[in-house]
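Taking it in order: structure first as structure tokens, then the write-up.
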Amino acid sequence: MKIHSRGITLAISALLTFSAAPYLQAETQTAPQTKIDDSSRLLPLEGGSNFRDLGGYTTADNKTVRSGVLFRSGTMSSLTSADEKTLNKRHFKTVVDLRSQEELALYPNRWVSHNPSISYINHPYSVAEMKLNAPEGKNKPIGIEGFYGNISELYQPQMKMYFQELLNNNTPLVVNCSAGQDRTGFASALLLSALGVPRETIVQDYLLSTKYRRPAVERGDVDLEAAAKTNAFAKMMLHYNKKETKGPMPLITADGTPFINIAFAHIEQKYGSVENYLDQALAVGPTEINKLKTLYLQ
């Protein structure tokens, strides 16, 4: 296993919920009806959660995202030996793990440790040391809207790392976080945007996480009460797990707005467009986008 890590120091601030973020929402919400064909996207893994293919989507110019090369997933710490064999048949080259050091300590990726041909990419950071900026004119605790309004800056190093692997054609590649919906959802939304997939389709793909997440698999057999004494992520998960007794919470606000649209709105307000964000913040300009399209569209 090849491990690449890039360090960053973030100012200490209030503890933020990452993969647990949707647990904060009202239980009366219902997710919009998905219209895309997703029947063959999910990989049938015994210990997988939200592990699915990003291929098959049609772009605005009627091209198709290649299948079998671009994947997204939740935590992979519960993968069985049979799952590993299934994944190894696909000859994965790269895992881009967006999780914090606290999450990695609780839920390591054993699959990559068993397969030395996989390049494991992670940018070290602490979940307890993330700093968010409160919305202008609002003097209240940062919640899920604050997180999505900050995600493009909070995870800029990770997004640069992700796109660099894509530009280097280190695929098949899977990007993951703990639930495979918030950080991974943002990364996937950026990639599909770069490839020219319509926004409506991107949002629908994002919302599929509610359908394909398996919270019990994500929690595994970790004793969160014991771990919470020294691990900030365990403490956070212990607090929010009770919200998921009836399954994953929908990724929408009380008025039905998908959370990912909050991230898009922030980017468009600050940079003018997703393309400008890719160029100015991630060094993925027109030349790089053309390369991505050449590599991953057919």
Side-chain angles (χ1 to χ4, degrees), residues 1 3-25 47-51 72-80 95-114 120-132 141-144 146-148 150-151 153-158 161-162 174-187 209 213-245 247-249 251:
M1 173 182 64
I3 300 180
H4 305 266
S5 60
R6 302 160 175 81
I8 184 173
T9 302
L10 296 172
I12 296 178
S13 186
L15 189 64
L16 174 71
T17 57
F18 290 114
S19 294
Y23 313 152
L24 296 173
Q25 307 309 307
S49 178
N50 205 14
F51 200 129
R72 54 177 297 171
S73 178
T75 184
M76 296 177 243
S77 60
S78 296
L79 294 177
T80 65
V95 171
V96 176
D97 195 330
L98 303 177
R99 296 178 298 159
S100 67
Q101 301 310 106
E102 291 94 335
E103 292 165 273
L104 298 179
L106 289 178
Y107 300 104
N109 188 323
R110 299 182 182 87
W111 168 42
V112 295
S113 67
H114 298 158
Y120 180 67
I121 312 297
N122 174 258
H123 182 117
Y125 68 96
S126 169
V127 74
E129 296 180 353
M130 302 297 289
K131 182 174 182 177
L132 287 90
I142 295 292
I144 186 63
F147 170 67
Y148 272 88
N150 281 264
I151 194 170
E153 281 75 41
L154 284 173
Y155 287 93
Q156 181 177 338
Q158 286 86 346
M161 179 178 70
Y162 176 49
V174 56
V175 60
N176 79 280
C177 54
S178 284
Q181 63 180 16
D182 299 308
R183 292 162 288 183
T184 297
F186 179 64
S209 286
R213 279 189 56 214
R214 300 168 68 192
V217 169
E218 296 162 10
R219 288 192 293 268
D221 57 1
V222 173
D223 185 341
L224 290 175
E225 288 194 12
K229 297 176 182 178
T230 57
N231 187 295
F233 184 76
K235 183 177 181 180
M236 181 174 63
M237 293 303 294
L238 191 64
H239 178 70
Y240 289 105
N241 273 348
K242 60 184 180 181
K243 299 289 186 180
E244 282 203 317
T245 56
M249 300 297 290
L251 293 169

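Quick note: residue numbers are just sequence positions, from 1. What you see is a predicted model, and the numbers here were worked out from it, not measured in a lab.
Put simply, the side chain of D97 never gets that close to the backbone of N122: no donor and acceptor are under 3.5 Å apart. Under a 3.5 Å cut-off, the side chain of Y125 and the backbone N or O of L98 do form a donor-acceptor pair. No side-chain donor-acceptor contact under 3.5 Å links S78 to the backbone of G220. Using a distance-only test at 3.5 Å, with no hydrogens or angles considered, a donor-acceptor pair links the side chain of S49 to the main chain of R214. Judged purely by atom type and a 3.5 angstrom limit, R99 has no side-chain atom pairing as donor or acceptor with the backbone of N176.
The line from CZ of F147 to OH of Y155 is 5.0 Å long, rounded to the nearest 0.5 Å. Between the CE atom in M237 and the CZ atom in R219 there is a gap of 7.0 Å [rounded to 0.5 Å]. Considering OH of Y120 and CG of L104, their distance stands at 4.5 Å, rounded to 0.5 Å. Rounding to the nearest 0.5 Å gives a distance of 9.0 Å between CG of N109 and OG of S73. With rounding to the nearest 0.5 Å, the separation of CD in E129 from OG in S100 is 10.5 Å. Between L224 atom CG and M236 atom CE the span is 10.5 Å, to the nearest 0.5 Å.
The two residues V217 and G48 have their closest heavy-atom pair at CG1-O, 4.0 Å. Contact detail for T184 and V175: the closest heavy-atom pair is CG2-O, 3.6 Å. Of all heavy-atom pairs spanning E218 and S178, the tightest one is CG-O, 3.8 Å.
Under the side chain to side chain donor-acceptor pair (under 3.5 Å) criterion, Q101 pairs with no residue at all, not counting sequence neighbours. With sequence neighbours left out, S77 forms a side-chain contact (heavy atoms from CB on, under 4.5 Å) with T75, Y107, R110. For the side-chain contact (heavy atoms from CB on, under 4.5 Å) test, residues two or more places apart in sequence or in another chain that qualify with D223 are E225, A226. Taking the side-chain contact (heavy atoms from CB on, under 4.5 Å) definition, one finds that A105 meets it with N231, sequence neighbours left out. Partners of S209 under the side chain to side chain donor-acceptor pair (under 3.5 Å) rule, at least two apart in sequence or in another chain, are N50, R52, R72.
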Evaluate the side-chain contact (heavy atoms from CB on, under 4.5 Å) criterion for residues F186 and L154: first the C-alpha distance (whole Å), next the side-chain angles of each, then the deciding distance (0.1 Å), finally the verdict. CA-CA 12 Å; F186 179 64; L154 284 173; over 6 Å; no
Might you work through the side-chain contact (heavy atoms from CB on, under 4.5 Å) test for Y162 and I121, ending with a clear yes or no? CA-CA 8 Å; Y162 176 49; I121 312 297; over 6 Å; no
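With contacts defined as side-chain heavy-atom distances shorter than 4.5 Å, the pair Q158/R183 does not qualify.
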